[in-house]
Amino acid sequence: STAGCSSTTAVTITTQALPCGAVLYVTPGGAGLRDGSSWANALAGSQLQVAINTAATCGAQVWVAGGTYKPTSTTARDMSFSMRNGVAIY
């Protein structure tokens with residue numbers, strides 16, 4: 001019988017804060033540390049919205065390498081990137 005039994009599971013979530021320099025770099029596949037601090041450590045294209053949102057909070061620019069960027073990995077046609085006031089995207 002399992003009456004009166006209980007179970008506890010601990011989950012640890014580690015997050016990495018993006019550096020808030022003057023520029024956040026994004027390439028289609030990302031590079032290095034993938035923290036956006038340089039082209040050598042560019043965020044992956046799947047993190048473009050994260051870069052835009054982060055830049056909005058710290059006054060950074062977002063530099064995006066040539067390529068195709070999609071706001072979702074699904075075929076949903078109603079998804080889009082949300083530009084933010086004050087964020088320059090190049």
Side-chain angles (χ1 to χ4, degrees):
S1 169
T2 58
C5 293
S6 66
S7 175
T8 303
T9 302
V11 176
T12 302
I13 299 173
T14 304
T15 60
Q16 178 181 355
L18 295 179
C20 205
V23 177
L24 290 171
Y25 299 87
V26 182
T27 63
L33 298 175
R34 294 186 178 187
D35 65 5
S37 62
S38 65
W39 287 123
N41 292 312
L43 291 164
S46 61
Q47 296 294 301
L48 178 55
Q49 189 65 59
V50 171
I52 293 168
N53 294 346
T54 300
T57 65
C58 64
Q61 298 175 350
V62 179
W63 289 15
V64 184
T68 301
Y69 296 83
K70 297 178 181 178
T72 181
S73 60
T74 70
T75 58
R77 304 282 292 170
D78 60 343
M79 302 294 292
S80 62
F81 290 109
S82 296
M83 302 300 114
R84 302 288 300 270
N85 288 332
V87 177
I89 302 173
Y90 300 97

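Between the side chain of Q49 and the backbone N or O of S82, at least one donor-acceptor pair lies under 3.5 Å.
F81 CZ to I52 CD1: the interatomic distance, rounded to the nearest 0.5 Å, is 6.5 Å.
The side-chain heavy atoms of V50 and L24, taken from C-beta on, include no pair separated by under 4.5 Å. With a 4.5 Å cut-off on side-chain heavy atoms, W39 and T27 count as touching.
What you find for V26 and V62 is that their closest heavy atoms are CG2-CG1, 4.1 Å. Summarising the geometry of R34 relative to A44, their closest heavy-atom pair is NH1-CB, 4.5 Å, with the distance given to 0.1 Å. Across all non-hydrogen atoms, the minimal contact from G66 to P28 is O-CG, 3.7 Å.
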Which donor-acceptor pairs under 3.5 Å do the side chains of residues 83-90 make with protein atoms, sequence neighbours left out?
unit_1, atom_1, unit_2, atom_2, d
R84, NH1, N53, OD1, 3.1

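Pairs passing the side-chain hydrogen bond (donor to acceptor under 3.5 Å, both in side chains) check and including a residue from residues 69-79, sequence neighbours excluded, read T72-T74.
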